[in-house]
Amino acid sequence: MTEIKKSPGLHDVVDLAKALIACDSVTPASGTVFDVLEAALVPLGFAVDRFVTGVAPDGPVENLLAVRGTSGRHFAFAGHLDVVPPGSGWTSGAFEPEVREGLLHGRGAVDMKGAIAAFVAAIPATSDGTISLIITGDEEGPATYGTPIIIERMAARDIRPDLCLVGEPTSATTFGDMIKIGRRGSVNIWIEVAGKQGHVAYPHLADNPIPRLVAILAEIDTIVLDTGNAWFQPSNIEATDITVGNPATNVIPAHASARLSIRFNDEQRGADLVARIEAIVHKHAPEARVVARVSGEAFLTPPGDFSTLIGDAIAAHTGARPELSTTGGTSDARFLSALCPVVEFGLLNATMHKLDEAVAVEDLTMLRDIYADILVRALRDPFNPPAQAVRPSATKR
């Protein structure tokens, strides 16, 4: 394990990032990578709560909640220690962190062990207010026993932050050029239409499910959910799989299935979308089976004091103000938005999930400095954050 070098009140951000990257923590993460993080937090005065929960197939999952302080404004940082599988073909080992030509390489360097290291390295030995870290081992996976379970544990302990920063890699072209103030929701839907197998020469003795599935998909394809709004792009429905599984040319199949993925803005609700698809499916195939999973609702933290504070800190170090955006996929901010205003800001996302994932050491160091600046501003500056993040039902444009 990479040794973590310490300086008074702070950790070296590169050494800590290396120590985290050196841990094979393919989702769901557990064990050693949490040991490294806990070892970095305890000397800073954090009370660390680690726990494992859940059963197969989505568990077990390890999570960590660390808190320092009991009064004043409460600022939370959220992130994940799990990473996607590295794949083969890396120049150096995916879990063998290496700095080459100013870049720190390794799985998780960008998404998002680098940001976690930067935040820990930004925490001073003492500070006003309360600081917490909400760290899951299951963000890249189903997240069933990840951040939602930490939130339940926080509620049981009456822990509720006033503000939350998620360290996802939000920068698009240059470091610090974008922060996320919201995310679209996501729902996946599985459709299975049953038929009756038979010989193609005797169709009256069989029941072909394919025409019904085609009619279902054709009607769904005509849907325009919305045209977007001031902060969100239009919602979209995409067919991501069609399966019949029929190897024979002279057999009418017994079933046909399809899968849909819907990414939706704050003009929609997951349950409403599922109900709309179910109605179409059952109109064409009353006995068809529909299974849906809403993995998150859309949310928006309206532009205001919190996003301005973060933008000011970024501009102070980069010389440019970030764009406020809701683009991209989902993140655990979709769960955390139920607690308090949430903004996401982190490293360049160009190499996340790719071979030879890497972060510029200069960016990692600057991220530490910006996080330190944000902490000072959030815990000491006299500003009034919004009472809560805006829910989909409250954001109709």
A.B. asks: In plain terms, say whether Glu219 and Lys283 are close enough for a salt bridge, that is, a side-chain N and a carboxylate O under 4.0 Å apart.
C.D. replies: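 Looking at Lys283 together with Glu219, the answer is yes, because their closest N to O distance falls below 4.0 Å.
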A.B. asks: Check step by step if side-chain hydrogen bond (donor to acceptor under 3.5 Å, both in side chains) holds for Glu287 and His282.
C.D. replies: CA-CA 7 Å; Glu287 304 302 320; His282 292 144; over 6 Å; no
A.B. asks: Between Trp231 and Asn265, is there a side-chain heavy-atom distance shorter than 4.5 Å?
C.D. replies: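 Of all side-chain heavy-atom pairs linking Trp231 with Asn265, none is under 4.5 Å.
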A.B. asks: Do Ile237 and Phe264 land in one hydrophobic cluster if side-chain heavy atoms of ILVMFWY residues count as linked below 4.5 Å?
C.D. replies: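 Yes, Ile237 and Phe264 fall within the same hydrophobic cluster.
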A.B. asks: Between Arg183 and Glu344, does any NZ, NE, NH1 or NH2 come within less than 4.0 Å of an OD or OE carboxylate oxygen?
C.D. replies: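 Answer for the salt bridge query: yes.
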A.B. asks: Is there a path of hydrophobic side-chain contacts, each under 4.5 Å between heavy atoms of I, L, V, M, F, W or Y residues, that connects Ile370 with Val361?
C.D. replies: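 Same cluster: Ile370 reaches Val361 through Ile, Leu, Val, Met, Phe, Trp or Tyr contacts under 4.5 Å.
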A.B. asks: Using 4.0 Å as the upper bound for N to carboxylate O, is an ion pair formed by Asp49 and Arg157?
C.D. replies: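 Here Arg157 pairs with Asp49 in a salt bridge, since their nearest N and O are under 4.0 Å apart.
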A.B. asks: Considering all heavy atoms of both residues, which atom of Leu364 and which atom of Ala17 are nearest to each other, and what is their separation?
C.D. replies: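 Looking at all heavy atoms of both residues, the closest pair is CD2-CB, 3.9 Å.
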A.B. asks: Would Arg153 pass as a cation-pi partner of Phe51, given that its NZ or CZ must be under 6.0 Å from the six-membered ring centre and within 45 degrees of the axis?
C.D. replies: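 Satisfied, under 6.0 Å and within 45°.
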A.B. asks: Check this for me, if you would: do Asp373 and Arg377 make a salt bridge, where the nitrogen-to-carboxylate-oxygen distance has to be below 4.0 angstrom?
C.D. replies: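 The answer is yes: the pair qualifies as a salt bridge.
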A.B. asks: Hey, does His255 have a side-chain heavy atom less than 4.5 Å from the side chain of Glu192?
C.D. replies: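 Glu192 vs His255: side chains touch.
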A.B. asks: Check whether Val48 and Val120 end up in the same hydrophobic cluster, where Ile, Leu, Val, Met, Phe, Trp and Tyr are linked by side-chain heavy atoms less than 4.5 Å apart.
C.D. replies: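 Looking at the clustering, Val120 is in the same group as Val48.
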A.B. asks: I'd like to check Pro124 versus Leu44 (side-chain heavy atoms, cut-off strictly below 4.5 Å). Are they in contact?
C.D. replies: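 Answer no - side chains too far apart.
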A.B. asks: At their closest point, which heavy atom of Phe345 faces which heavy atom of Met178, and how far apart are they?
C.D. replies: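 Of all heavy-atom pairs spanning Phe345 and Met178, the closest is CD1-O, 4.0 Å.
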A.B. asks: Hey, are the side chains of Asp177 and Glu323 touching, using non-hydrogen atoms and a 4.5 Å cut-off?
C.D. replies: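 No, their side chains stay 4.5 Å or more apart.
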A.B. asks: Kindly indicate, with the supporting measurements, whether the criterion side-chain contact (heavy atoms from CB on, under 4.5 Å) is fulfilled by Phe34 and Leu20.
C.D. replies: CA-CA 9 Å; Phe34 284 93; Leu20 294 171; over 6 Å; no
A.B. asks: For the pair His105 and Val99, evaluate side-chain contact (heavy atoms from CB on, under 4.5 Å) and give the outcome as yes or no after the intermediate values.
C.D. replies: CA-CA 6 Å; His105 291 264; Val99 176; over 6 Å; no
A.B. asks: Does a side-chain N-to-carboxylate-O contact under 4.0 Å join Arg334 and Asp332?
C.D. replies: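 Between Asp332 and Arg334 there is a salt bridge, with a charged N closer than 4.0 Å to a carboxylate O.
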A.B. asks: Is any side-chain heavy atom of Tyr145 less than 4.5 Å from a side-chain heavy atom of Thr136?
C.D. replies: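 They are not in side-chain contact.
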A.B. asks: Are Thr147 and Ile151 close enough that some pair of their side-chain heavy atoms sits under 4.5 Å apart?
C.D. replies: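 A side-chain contact exists here, since the closest heavy-atom pair is under 4.5 Å.
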A.B. asks: Tell me the closest heavy-atom pair linking Pro234 and Asp226, and the distance in Å.
C.D. replies: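 Smallest interatomic distance, heavy atoms only, reads CA-OD1, 3.4 Å.
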A.B. asks: Any salt bridge between Arg73 and Asp162, counting N to O under 4.0 Å?
C.D. replies: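 No, no charged N to carboxylate O under 4.0 Å.
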A.B. asks: Hey, can you tell me if Phe75 and Phe119 have their rings parallel, tilted or perpendicular (30° and 60° cut-offs)?
C.D. replies: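 Phe75 and Phe119: parallel rings.
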A.B. asks: If the threshold is 4.0 Å, N to carboxylate O, is there a salt bridge linking Asp312 and Arg321?
C.D. replies: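 Judged by the 4.0 Å cut-off on N to carboxylate O distance, Asp312 and Arg321 do form a salt bridge.
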A.B. asks: Give the C-alpha distance, both sets of side-chain angles, the deciding distance and a yes or no for side-chain hydrogen bond (donor to acceptor under 3.5 Å, both in side chains) between Arg289 and Ser257.
C.D. replies: CA-CA 9 Å; Arg289 181 169 177 261; Ser257 60; over 6 Å; no
A.B. asks: Please lay out, stage by stage, how Asp266 and Asn229 fare under the test side-chain hydrogen bond (donor to acceptor under 3.5 Å, both in side chains).
C.D. replies: CA-CA 9 Å; Asp266 57 350; Asn229 55 44; 2.9 Å; yes
A.B. asks: Side chains of Ile179 and Ile314: does their closest heavy-atom pair fall under 4.5 Å?
C.D. replies: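 A side-chain contact under 4.5 Å exists here.
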A.B. asks: Is there a side-chain hydrogen bond (donor to acceptor under 3.5 Å, both in side chains) between Glu238 and Asn236 once you walk through the steps?
C.D. replies: CA-CA 6 Å; Glu238 303 299 333; Asn236 62 297; 3.2 Å; yes
A.B. asks: Does a side chain donor of either Thr243 or Asp241 reach within less than 3.5 Å of an acceptor in the other side chain?
C.D. replies: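 Note: Thr243 and Asp241 side chains meet the donor-acceptor criterion.
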A.B. asks: Would Asp35 and Arg50 pass as an ion pair if we require N to O under 4.0 Å?
C.D. replies: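 A salt bridge links Asp35 with Arg50.
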A.B. asks: Is the shortest side-chain heavy-atom distance between Val342 and Val166 below 4.5 Å?
C.D. replies: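 In contact.
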